[in-house]
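Notes follow once the structure below has been shown.
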Amino acid sequence: MRGRIVNWDNPRAHTMISPTAWLERLQQELAVARAGDDPEGVHQMRVAAGRLRVWLELGGRRALVDDLRWLRRSASEVRDLDVLLAENSNPECASWLEEKRAASRRVLVSALDDERVGALLTALVALPALSRARARRTIERFRRNALHRGTQVDRDATDVTAWHGLRRSLRRLRYAREWLEEDTDEIRDFLDLLGELNNRVVEARHLAECGASGAAESLAIVRLKIEEQRTASAAAWSPLREKLKAE
C-alpha cells in the first residue's frame, strides 16, 4: 500500500505526501489486533506504525515518534510468539509458548485500550501533508544511519544485536524511500534474509527458556541455523553496503 492519496486536479498533490492511506490502515489494524482473531493484525499494525514514524521523521516532526515507537513495542512480544507458534518447530514447548502469548496479549490489549492511542490517532490526523522537497532533504540521514549500523556488523558479524540494529535501520530506509516512491527491491530482499535470522535468534531465546525435555536438542539445531543465516547475511550485505556507499 502506498502512503499517498493523490487528487491530481490539485497542483499541490504533485509536491505533497499525505499519510492518509497509512493512517486508515493503522486504524483498521488496531481494531484487528484488539480483537485478537487474526495474528496478522498485530504484524500489520506494527508495519503501519513504523511507516508513519518514518513519515514523521522525513518531515522533522519528532513530537509523535515516541508514541509510535511505544505502540510498535507493545506488540513486539506477541508478534514474535505468533511467528514461533505458527512454525511449531518444537511441539514440546507449544503450551508454554501459548501461556507466554496469553500474558503478552494481555499487556498488548492494555496498551491498545490506553487513552494514549486515541490521542495519537487524533494528533496524526490533524497533521498536514508532508512536503516532498522536505522529505528529499531529510532522506539522506536514513542512508547514513544504515551504513553506520553496518560498520558494527562489519566489526563483529557474530553480534546478533548488531544485525538487529542494521535490520531496523534498513527497514526505516526502505520505508523512507517508498514514501518517495523509489525502488527498494534490493533492500527488501536483504530484509527478508535478516528477518529469518531474527526469527531464529528469537526462537533460540525462547527454547533456552522453555526447559522442555527436547528443547536442548532443538536449541542446538537452531543455533546451527543462526550461524548459517549469519554467513548468508554477511555475504549479501557486502554488495548492498557498497551500493549504498556509492549513492
Side-chain angles (χ1 to χ4, degrees), residues 1-31 43-73 75 116-151 165-195 237 239-247:
M1 176 184 291
R2 295 292 183 188
R4 244 181 1 128
I5 292 181
V6 178
N7 173 8
W8 293 111
D9 294 329
N10 180 358
R12 295 183 74 244
H14 297 273
T15 61
M16 307 299 289
I17 305 172
S18 168
T20 303
W22 279 106
L23 273 171
E24 292 175 354
R25 179 72 168 269
L26 177 60
Q27 291 172 319
Q28 292 167 3
E29 300 302 344
L30 280 168
H43 174 55
Q44 293 303 326
M45 182 199 79
R46 298 185 77 242
V47 169
R51 287 183 179 273
L52 287 166
R53 175 189 170 185
V54 168
W55 178 82
L56 288 172
E57 291 178 331
L58 281 169
R61 298 163 175 170
R62 301 289 304 177
L64 301 175
V65 167
D66 286 344
D67 295 283
L68 287 167
R69 185 187 296 116
W70 163 77
L71 187 59
R72 277 181 54 83
R73 287 179 177 173
R116 184 176 178 181
V117 175
L120 170 62
L121 292 174
T122 299
L124 286 170
V125 169
L127 288 173
L130 169 64
S131 160
R132 187 172 293 271
R134 172 60 186 267
R136 291 198 180 281
R137 290 196 300 271
T138 311
I139 197 172
E140 170 61 14
R141 69 181 180 85
F142 289 88
R143 184 185 71 91
R144 291 198 304 266
N145 186 57
L147 287 170
H148 172 70
R149 291 289 185 178
T151 61
L166 177 59
R167 179 184 177 223
R168 290 173 60 190
S169 64
L170 282 171
R171 182 173 59 222
R172 291 172 66 227
L173 175 61
R174 171 195 166 186
Y175 289 169
R177 290 184 171 181
E178 287 177 351
W179 277 112
L180 287 164
E181 298 181 330
E182 297 179 359
D183 178 71
T184 61
D185 286 349
E186 291 184 62
I187 294 175
R188 280 187 294 146
D189 289 344
F190 185 60
L191 283 170
D192 287 343
L193 197 60
L194 293 187
W237 166 238
L240 179 58
R241 177 190 60 213
E242 296 310 308
K243 181 173 182 179
L244 290 176
K245 282 182 176 179
E247 291 178 353

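Keep in mind it's a predicted model, so treat the numbers as computed, not measured.
- Counting only distance, with no hydrogens or angles, the side chain of Arg72 and the backbone of Arg46 share a donor-acceptor pair below 3.5 Å.
- Rounded to the nearest 0.5 angstrom, Asp189 CG and Thr184 OG1 are separated by 9.0 Å.
- Ion pair Arg25/Glu29 flagged as a salt bridge, since at least one NZ, NE, NH1 or NH2 atom sits closer than 4.0 Å to an Asp/Glu carboxylate oxygen.
- A distance of 11.5 Å separates CG of Leu64 from CD of Glu57, quoted to the nearest 0.5 Å.
- No cation-pi contact links Arg174 to Trp179, judged by a cut-off of 6.0 Å to the six-membered ring centre and 45° from its axis.
- Of the inter-residue distances, the one linking Arg51 atom CZ with Leu56 atom CG reads 14.5 Å to the nearest 0.5 angstrom.
- Every residue was checked against the side-chain hydrogen bond (donor to acceptor under 3.5 Å, both in side chains) condition with Arg167, not counting sequence neighbours, and none meets it.
- Between atom CZ of residue Phe142 and atom CZ of residue Arg144 there is a gap of 10.5 Å, rounded to the nearest 0.5 Å.
- For the pair Asn145 and Ser169, the tightest heavy-atom approach, listed with the atom from each and the gap, is ND2-CB, 3.4 Å.
- Atom CZ of Arg172 sits in a crowded spot, with more than 12 heavy atoms from other residues, nucleotides or ligands closer than 6.0 Å.
- Residues Leu71 and Leu30 have side chains in contact (heavy-atom distance under 4.5 Å, counting atoms from C-beta outward).
- Every residue two or more places apart in sequence or in another chain that forms a ring pair (Phe, Tyr, Trp, His ring centres under 6.0 Å) with Phe190 is listed here: Trp237.
- At least one donor-acceptor pair under 3.5 Å links the side chain of Arg143 to the backbone N or O of Leu244.
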Q: Would you sort out whether Arg188 and Glu178 count as a side chain to side chain contact (heavy atoms under 4.5 Å, CB included), showing the intermediate values?
A: CA-CA 11 Å; Arg188 280 187 294 146; Glu178 287 177 351; 3.7 Å; yes
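- Applying the side-chain hydrogen bond (donor to acceptor under 3.5 Å, both in side chains) rule to pairs touching residues 116-125 yields Asp67-Arg116, sequence neighbours excluded.
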